[in-house]
There are 2 protein chains.
Amino acid sequence: MSVTIRDVAKASGVHISTVSRTFSAPHLVNPNTRSRVLACAEQLGYRPNRAARALITGRTYNIGLIVADIANPFFPPLIKAAESQARKHDHHIFVADTNEDPALEEEVVRALAKQVDGVLLCSPRMSNALIEQLSREVPLVVVNRQITGIPAVAMDVAGGARRAVEHLIALGHRRIALVAGPRGSWTSREIRRSASATARAGSAELTIIGPNPPTEVGGLTVAEDVLRAGATAVFAYNDLMAIGLIEGLLAAGARVPQDVSVVGIDDIMLSRLTRPKLTTVATPTAAAGRAAVDMLLAHGDDRRTTAHVHLQTELVIRDSTGPGPGPHSPADPGDVIAPGGVAS
Amino acid sequence: MSVTIRDVAKASGVHISTVSRTFSAPHLVNPNTRSRVLACAEQLGYRPNRAARALITGRTYNIGLIVADIANPFFPPLIKAAESQARKHDHHIFVADTNEDPALEEEVVRALAKQVDGVLLCSPRMSNALIEQLSREVPLVVVNRQITGIPAVAMDVAGGARRAVEHLIALGHRRIALVAGPRGSWTSREIRRSASATARAGSAELTIIGPNPPTEVGGLTVAEDVLRAGATAVFAYNDLMAIGLIEGLLAAGARVPQDVSVVGIDDIMLSRLTRPKLTTVATPTAAAGRAAVDMLLAHGDDRRTTAHVHLQTELVIRDSTGPGPGPHSPADPGDVIAPGGVAS
DNA sequence: GACATGTGTGCAACCGCTTGCATTAATGTC
DNA sequence: GACATTAATGCAAGCGGTTGCACACATGTC
């Protein structure tokens, strides 16, 4: 049915091992023979069977890419960049979506382990211990997370969060809400830590609302909590939530940014298209995808390359942030109500 | 290194063929033996090597999914649904992005052919002839295209286009522009055909602008052409272009929908979030992803299942369309200028 | 008790390819 | 011209599984 190495061998009058070497070790075969074999292969439409090759060499030329939610606009640019970079190195990408479910994450890694040269774990929700264990079964590169001993591509979300909160403080906001992301997210912890420290340093009050699902709906549903907390500015775990939040705020009659300023993080395509346009922290998503693939492929040679790539983020000021109530805001700690669903 | 069928055989005191049958033909092995083997396998953490299995059975349990542009928000829901549906049947998905390039499309299909049980070709830009040829090399299901002899999942874009244009006509618009999609797109041809027929039936004038790249920028850049054509309403090839177009129109000083009404197609998530919210034709993207996977897997048994699945579309009226200039519009065919980039 | 029947397991070939080793021919060295 | 060296190719084992066939044994039938 399908044309194999034997067909090519027969057609070009050499042994199959010569054909094999023509493709995997060309320098070992006589140039004349080589070109004859290549001609036959071309003519027959021969393509090496990677599965068969992988069986012996252990290299599959496949990469697993695991994301929490393909439909979250944060991921597509990353996937696209990774796929393109992988193809440059003749690798293919398995994409799996875990629906934000840590258990599914583990299962998918295990299911993919034997069929890939390595797995890119994007924004994993698993525990560090589990990730370390899995990394013994298959080469792993984590994106948006830092674990000692595991190669990682991290974006400087802490720096981004700092700049975002500083921006709000500079605008005169003193009562800021942080709409947190999902439990188990490293990014969420980083943001929380950095935003808290920055608020403290700027003598602003930070109310943490969450955890929440990292979706538009997640943002929409906390709009009331934000208003009840009396915040004049909000920093959200990601753009999708920020956009949902703005929807919710507008629906509740609050104006953005006149009454409430909103900052997101990610700079997804959407952020330039909503009204008001979203002020946000741009994360280099595509660069992260490329870097992760590069690390994984480099990784192969020397297993202890636990380098960590750090990518810079950048504050993009658009229209969803504006001046706060000013330095003389009648902020009375007494009327800060702790609404349902608010944690610290 | 990795635990194989032989390790399990040794541990449970049976021949490897018995272990093999325990997994691939359980009814052939004695229940006692079976449970013993399963226990050993579980304890050793054995996972069958799919590549090795594929070598003999010819079934890889992999599916290729080829899209024109992952970053186009139309695709992620489709990919997500397909991946999820595939996983239900214990299949994995290779995702490839072709950057809207037909040549790359062909190359990717060929590269994937041997490693998958079939390929889902989403919105292919290739010629029918080429698709037919490829379908002889690997089982194919096309999405958003119809080719006799090839299983397909098609959305009723023609019906959608009709309803969109009828909606504009009902609002009183008589000079309508169609912002066309990329060359080679079946959807683009369907839309053009259906929109033309509907306009003619409704005594409206339809100016076709394009072809254009199916992106936000593609829409943005034709805003001037639309205004120059004197159209009071526009139907765009997809939501992304419609949204870009609205940006462009607003930037040029035109109000939407007061001066120009805009309808898109796809109902991507974005469409609910922009201002004004986009009137559009909703296409059942996730359903298409699921259906395509199902067809491909069913396909396996009986190669001549060239069924075509047809999915309904639906007009979603939001805020980007409004009343036209009315029946007494001073439309003078004489001042219809054919701007640069306008085709018919 | 002889025989057909069925059940569970082992044996070995094979899927398409890679690779260490043996073999042969060509080349260089003194 | 004998010998070591190098280059090019063939041979065959094996990667981790599957599967047709043979075999041993237990049962049922007359």
Side-chain angles (χ1 to χ4, degrees), chain A residues 1-38 40-41 44-62 90 110-117 137-138, chain B residues 1-38 40-41 44-62 90 110-117 137-138:
Chain A
M1 160 173 179
S2 158
V3 31
T4 79
I5 205 173
R6 267 165 252 272
D7 302 319
V8 179
K10 203 162 295 171
S12 46
V14 297
H15 192 261
I16 58 161
S17 55
T18 301
V19 178
S20 171
R21 277 188 277 258
T22 302
F23 290 98
S24 48
H27 59 281
L28 289 180
V29 23
N30 184 297
N32 297 325
T33 318
R34 194 195 310 163
S35 55
R36 187 153 39 90
V37 170
L38 286 176
C40 288
L44 295 175
Y46 169 73
R47 295 248 174 177
N49 181 323
R50 297 171 148 220
R53 176 180 290 178
L55 211 46
I56 299 184
T57 63
R59 293 211 58 182
T60 61
Y61 284 81
N62 292 151
D90 198 26
R110 288 235 158 81
L112 243 31
K114 290 277 184 40
Q115 314 188 62
V116 298
D117 294 340
E137 303 175 25
V138 55
Chain B
M1 164 171 179
S2 157
V3 31
T4 80
I5 204 173
R6 271 162 248 273
D7 301 320
V8 178
K10 203 162 296 172
S12 46
V14 297
H15 192 260
I16 58 161
S17 55
T18 302
V19 178
S20 171
R21 277 188 275 257
T22 302
F23 290 97
S24 49
H27 59 280
L28 290 181
V29 22
N30 183 297
N32 297 325
T33 319
R34 192 196 311 162
S35 56
R36 188 154 38 92
V37 170
L38 286 176
C40 288
L44 295 175
Y46 169 73
R47 296 245 174 178
N49 181 324
R50 297 171 149 219
R53 177 179 291 178
L55 210 48
I56 299 186
T57 63
R59 293 211 57 181
T60 62
Y61 284 82
N62 292 152
D90 199 26
R110 288 234 158 82
L112 242 32
K114 291 275 185 41
Q115 316 187 62
V116 299
D117 294 340
E137 304 175 25
V138 54

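The chains referred to below are lettered A, B, ... by the order of the sequence lines, with proteins before strands, and numbering in each begins at 1. Every heavy atom of this structure was used, including side-chain atoms; hydrogens, water molecules and symmetry mates were not.
The backbone N or O of B:Ser12 lies less than 3.5 Å from a partner atom in the side chain of B:Arg36, making a donor-acceptor pair. Distance alone, capped at 3.5 Å, is enough to place a donor-acceptor pair between the A:Ser35 side chain and the A:Pro31 backbone.
If you check D:dT9, C:dG16, C:dG8 against the side chain of A:Ala52, the one that comes closest is C:dG16. Of the candidates C:dC14, C:dT18, C:dG10, C:dT18 carries the atom nearest the A:Ser24 side chain, counting heavy atoms from C-beta on. The listed nucleotides are D:dG17, C:dT18, C:dT9; the one nearest the side chain of B:Arg6 is D:dG17. Of the listed nucleotides (D:dG16, C:dG16, C:dC11), C:dC11 has the atom at the smallest distance from the side chain of B:Ser17. Of the candidates C:dC17, D:dA8, D:dG16, C:dC17 carries the atom nearest the A:Pro48 side chain, counting heavy atoms from C-beta on.
Remark: P of C:dT19 and CZ of A:Arg59 are 12 Å apart, rounded to the nearest angstrom. The CG atom of A:Asn49 sits 16 Å away from the P atom of D:dG17 (whole-angstrom rounding). Between B:His27 atom NE2 and D:dT19 atom C1' the separation is 12 Å, expressed in whole Å. One interatomic measurement links the two molecules: CD1 of A:Ile56 to P of D:dG16, which rounds to 10 Å at whole-angstrom precision. The OH atom of A:Tyr61 sits 13 Å away from the C1' atom of C:dT18 (whole-angstrom rounding). Summarising the geometry, the separation between CD1 on B:Ile5 and C1' on C:dC15 is reported as 15 Å, rounded to the nearest angstrom. Computed from coordinates, the A:Arg53 CZ to C:dC15 C1' distance equals 16 Å when rounded to whole Å. As a whole-Å value, the separation of A:His15 NE2 from D:dA8 C1' is 14 Å.
Residue B:Arg34 is out of contact with every strand shown, counting any heavy-atom pair closer than 4.0 Å. Among the heavy atoms of the strands, none lies under 4.0 Å from A:Val19.
Put simply, OG1 on B:Thr4 and CG on B:Leu44 are 9.5 Å apart, with the number rounded to the nearest 0.5 Å. Atom CZ of A:Arg53 and atom CZ of A:Phe23 lie 8.5 Å apart (nearest 0.5 Å). From A:Ser24, atom OG reaches atom CD1 of A:Ile56 across 9.5 Å, with rounding to the nearest 0.5 Å.
Between B:Thr57 and D:dG17, a side-chain N or O to OP1/OP2 separation shorter than 4.0 Å is absent. When the side-chain nitrogen and oxygen atoms of B:Tyr46 are compared with OP1 and OP2 of D:dG17, one or more of them lie within a distance under 4.0 Å. Contact annotation: B:Ser20 side-chain N/O to D:dG16 OP1/OP2 distance is not under 4.0 Å.
Partner B:Arg50 forms a side-chain hydrogen bond (donor to acceptor under 3.5 Å, both in side chains) with one of B:Thr60, B:Thr57, B:Asp90 and no other, that one being B:Asp90.
In terms of position along DNA chain D, the nucleotide closest to A:Thr33 lies nearer the 5' end than the nucleotide closest to the other residue of the pair A:Thr33 and A:Ile16. Comparing B:Phe23 and A:Leu55 by the nucleotide of DNA chain D whose heavy atom lies nearest to each, the residue mapping closer to the 5' end is A:Leu55.
A donor-acceptor contact under 3.5 Å is formed by the side chain of B:Arg21 with the base of C:dG10.
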